[in-house]
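The basis for the numbers below is simple: all heavy atoms, side chains too, and nothing from hydrogens, waters or symmetry mates. Reminder, nothing fancy here: chain letters follow the sequence lines and each chain counts from 1. Keep in mind the model is a prediction, meaning the values are calculated, not measured.
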Amino acid sequence: MSGPALRLAVELDGDGAHPAAWRRAAHSPDHLLTPRRVARVAAAAENAGFTLLTLEDGALPPGATPDVVGRIGAVERAAFLASSTSVIGIAPVVPVTYAEPFHISSQLASLDHISIGRAGWAVSEEARPEAARAWDRPRVDGAAARVRESRDGVEVVRALWDSWEDDAVIRSVATSRYLDRDRLHYVDFTGDTYAVKGPAIVPRSPQGQLVVLGRPDLVPAEQLDVALVEGRDVAAVTAAAAAAGTPRTFAEVEVALDTVAATADERVADLERHTPWTDRGRLRHIGSAAGLAALLGELRGVVDGVRLHPLVLDEDLPELSRLVLPHLFERRHAVRPLPGASLRTHLGLERPANRYAAGAAFEALEETR
Amino acid sequence: MTRTDPLDVPRPDAQLHFGVFFQGVNHWTIWSDPASGSQIDPANFRRVAQTAERGLFDAFFLGEGLRLREVDGQIHDLDVAGRPDAITQLAALAAVTDRIGLVSTSNTTFNEPADLARRLSGLDLLSEGRAGWNVVTTDNAWTGANFRRGGYLDHADRYRRAEEFLTVARAIWDGWENGAVSGSPGAPAWAAPGAVRQVRHKGPQFDVDLAPTLPRSVQGHPVIFQAGDSGDGRDFAARNADVIFSAHGSDFDDALAFADDLRYRLRAVGRPDDDLRILPGTEIIIGATEEEALEKKHWIRLQQVTPATALGIAGLLWGLDLSDRDADGPLPKEDPVVAENDGSFGARRITDPRKVVAEWREKAETHRWSLRETVIALGPQRGHVGTPAGLADKFAHFVRHGAVDGFNVTPYLIPDGLDDIVDLLVPALQERGVYRTEYTGTTLREHLGLREPLTHRSTTDRRQAG
């Protein structure tokens, strides 16, 4: 199929998508949680030409012994990377099942300021009961309750991002006023389980609203900019993308590539001897770089982008960088991000008007009905 | 006088420590000057942090706000406002600084221990041992209106929660044995079996059960800062903190009395009395001559206390809306109205406004001051004004006599307000041997000359908290 060029995202948590990926990493385990390693992987993704990187997270350990049980918070990693990269978009995964939406809003808006408009938010959930014990919060049980928390959380966060109009800081020496309080707004959210007053403590960020990504079965479509869609084959992905109802769709693709040292099958088999690679019902490519390029070519027109989950970052990122991405860019099957542009711009999304601003109020109301 | 006879002072080798506080709100940060930059542009945070690092400061601090300040139910519009989340901003600065400590003011009332402890650990790892945590509390429902829990803690409970919060946070930080993660690529397991302990804590404030997800940084724990002047606050610091902020840094006798009081409290809880660094917040105004420095101070006060700000400050004291009065005229004739403080204007508490107003009236009459002149003259007289040499002598005296360990500087201008301190005062201090000439350690704990974290003291590596 042909269609507009794809936007390429990559998930960079840990040592790769496979739980045992650390066994094939190019560094010893104790280097995983170091700033040098965090920066090096992101630099590799930026230089390869990815539009967006995401960083998985949650309150619980990322895996179980004997695999990786340590993880630096995604927002902290994202902020650190915002200073050490210049072009690539950065979207931490932040579950909103138990966390305070006011804090999440401040953290993510700050990330957008720090990255000068390159930030996104991959919304997720804390499904396991142990998360409630870690948070010391009443358990949010069942998919419906978690959807409720996600919906309310995203609604609060998005409202807070608009609670300062773009020009709320007026610095009017003539009237002695730093702020125009008429351009600041209480969000006055009241949901099923809590209320939030507002306004935010962070001024409206460069993108106005960060790019919000998430699974459409977890977050209502009207709250998402990008739906992350799954499916075992292109037909399933096509159906999921068609049903998403979001401005943009990205297909989740798990990837293991042939390298000079070993075939993809051998590499997967090596890790499977230790730990199984959880099947999440996603597209999975195990094989050559050319085969992956062909698969991604097929996805043009089906989805607006893909999020790749490399088996082992230290092995697959170089192959993606060397063989796959250049091929896609040359054929215009995918595009590189441009320096100086926002993540929204890279995804062809408008900078949204502020819902509270005079003139924008009516429009925003129309959208939410 | 560049050297003091070592025999004359109690601490001849004492070194002065500097932090910089990027405040975020309040009228001390001048915004009306053309040199005043954005309060949110990341370039300004980077500039201040890098200037402080050039000046060999110990730490860069960010304040915290969890609700925009209000007066009479309306958002306060006169002062700088709007700031980034502290830990997020500091994690970004970790990538563009090498040595300076990065300290986040983070609230124990409206955070949860597992989340905040993990975020601080992340900052500590990304900065390779440069993180600090300024522990603060909130006791008003007004702030709570932005949070799931709402307002729910009274004044006394906020310290109980803070202390238990710290206990849980420390247990989380101590949850991994040193060297828990394998240093060998071919290891059978990523972390050694049993090296990561589950943290189970059940107390009046918290009931948690979690698997910590991070190792300790090279400095063991983030450095704990405490700001709070009440008896409860000082006791809390004596039991828990590595560093205390104070408002006792302008007058030598007052500073020394505060420091002696803390040393007494430290001994009372069984800690060495040099275990806590005392860093009062201060403003430093430098001129080439004493006269020039005083002129500069006058100019700065006029920028800080505009007519509108003077009326706002007086309005809080009187409990009345005075915004339509003449700031350059006399003090209001009305008696003050004593109102309940709901927290909507930060921590400002005036216990007896009638007494303060009576004092203001008397002084204003004697000196023929206008309202604005009165606010400027009788407002908090914090800070130090002088020449680089004069200030360096004074600070050497303060630190060698144990009145302070250093200062937490609040620049009146962002982003350039540290420049003359770094370029003029620091060299003068170095000449007198009271300021480092290079960083000798890499971590914040090392910069401050602190001992091991409190929970590691008796038996290193054994978890004691919890």
Side-chain angles (χ1 to χ4, degrees), chain A residues 22 25 27-30 32-35 38-39 59-62 65-73 75-77 79-80 82-84 99-100 102-103 106-107 110-111 113-114 116 130 133-136 164 169 171 173 176-181 184 193-199 201-203, chain B residues 31-32 40 42 65-68 74-75 77-85 87-89 91-96 110-112 114-115 118-119 122-123 125-126 128 145-148 150 181-185 187-191 193 196 206-211 213-215 306-309:
Chain A
W22 64 274
H27 58 86
S28 61
D30 59 354
L32 176 63
L33 307 174
T34 61
V38 169
L60 303 175
T65 313
D67 293 326
V68 179
V69 293
R71 177 189 269 156
I72 297 173
V75 170
E76 290 74 72
R77 275 181 287 163
F80 179 82
S83 286
S84 60
E100 290 286 358
F102 191 85
H103 287 321
S106 300
Q107 291 163 19
S110 302
L111 181 64
H113 281 289
I114 293 161
I116 316 176
E130 302 96 287
R133 298 287 298 125
W135 275 98
D136 193 13
W164 291 54
V169 175
R171 291 177 180 257
V173 177
S176 289
R177 289 181 309 144
Y178 180 82
L179 297 174
D180 179 355
R181 63 165 71 111
L184 293 167
T193 59
Y194 60 89
V196 174
K197 182 74 183 171
I201 55 156
V202 188
Chain B
W31 56 261
S32 55
I40 192 69
L66 297 178
R67 188 159 169 188
L68 291 183
Q74 287 208 298
I75 289 167
D77 57 3
L78 302 179
D79 302 341
V80 296
R83 51 172 145 197
D85 173 77
I87 295 176
T88 309
Q89 180 66 58
L93 291 173
V96 294
F110 296 110
N111 277 295
E112 306 307 323
D115 183 49
R118 178 164 179 258
R119 299 188 69 218
L123 176 64
L125 290 168
L126 291 168
E128 300 189 289
N146 280 334
F147 296 95
R148 287 175 185 264
V181 187
S182 170
S184 135
W190 190 80
V196 177
F206 301 104
D207 180 4
V208 295
D209 184 350
L210 68 122
T213 55
L214 288 172
T306 62
T309 293

Would a 4.5 Å heavy-atom cut-off, applied to side chains only, mark [X] and [Y] as touching?
{"X": "B:Leu68", "Y": "A:Trp164", "result": "yes"}
{"X": "A:Val173", "Y": "B:Trp31", "result": "yes"}
{"X": "B:Asp207", "Y": "A:Arg133", "result": "yes"}
{"X": "B:Leu214", "Y": "A:Ile72", "result": "yes"}
{"X": "A:Pro61", "Y": "B:Val196", "result": "no"}

Less than 4.5 Å to any heavy atom of chain A: does that hold for the side chain of [X], its backbone, both, or neither?
{"X": "B:Asp79", "answer": "backbone"}
{"X": "B:Pro188", "answer": "backbone"}
{"X": "B:Thr306", "answer": "side chain"}
{"X": "B:Ile87", "answer": "side chain"}
{"X": "B:Gln89", "answer": "both"}

Relative to chain A, which of [options] shows the most heavy atom pairs under 4.5 Å?
{"options": "B:Thr309, B:Leu66, B:Val96", "result": "B:Leu66"}
{"options": "B:Gly122, B:Ala308, B:Pro185", "result": "B:Pro185"}
{"options": "B:Ala114, B:Ala211, B:Gly183", "result": "B:Gly183"}

Closest non-hydrogen atom pair between [X] and [Y], with its separation:
{"X": "A:His113", "Y": "B:Pro42", "value": "O-CG, 3.3 Å"}
{"X": "A:Pro29", "Y": "B:Ser184", "value": "CD-O, 3.5 Å"}
{"X": "B:Trp190", "Y": "A:Leu32", "value": "CZ2-CD2, 3.7 Å"}
{"X": "A:Arg71", "Y": "B:Arg118", "value": "O-NH2, 3.2 Å"}
{"X": "B:Ala91", "Y": "A:Glu76", "value": "CB-O, 3.5 Å"}
{"X": "A:Leu33", "Y": "B:Pro215", "value": "CD1-CD, 3.4 Å"}

Any donor-acceptor pair under 3.5 Å linking the side chain of [X] with the backbone of [Y]?
{"X": "A:Ser110", "Y": "B:Asp85", "result": "yes"}
{"X": "B:Asn146", "Y": "A:Val196", "result": "no"}
{"X": "B:Arg148", "Y": "A:Ala99", "result": "yes"}
{"X": "B:Asp77", "Y": "A:Asp180", "result": "no"}
{"X": "A:Arg181", "Y": "B:Ile75", "result": "yes"}
{"X": "A:Arg77", "Y": "B:Leu126", "result": "no"}

Q: Give the intermediate values and the outcome of side-chain contact (heavy atoms from CB on, under 4.5 Å) for residues A:Trp135 and B:Leu210.
A: CA-CA 8 Å; A:Trp135 275 98; B:Leu210 68 122; over 6 Å; no
Q: Please step through side-chain contact (heavy atoms from CB on, under 4.5 Å) for the pair B:Leu78 and A:Arg177, ending with a clear verdict.
A: CA-CA 5 Å; B:Leu78 302 179; A:Arg177 289 181 309 144; 4.2 Å; yes
Q: Count the heavy-atom pairs under 4.5 Å between each of A:Ala59, A:Pro62, A:Ala195 and chain B, then report the option with the highest count.
A: A:Ala195
Q. Who wins among A:Ala134, A:Ser176, A:Gly198 for the most heavy-atom pairs under 4.5 Å with chain B?
A. A:Ser176
Q.
Less than 4.5 Å to any heavy atom of chain B: does that hold for the side chain of A:Asp136, its backbone, both, or neither?
A. both
Q) Checking A:Ile201 against chain B: side chain, backbone, both or neither under 4.5 Å from a heavy atom? A) both
(Q) Parallel, tilted or perpendicular, judged at 30° and 60°: which one describes the rings of A:His103 and B:Phe147? (A) tilted
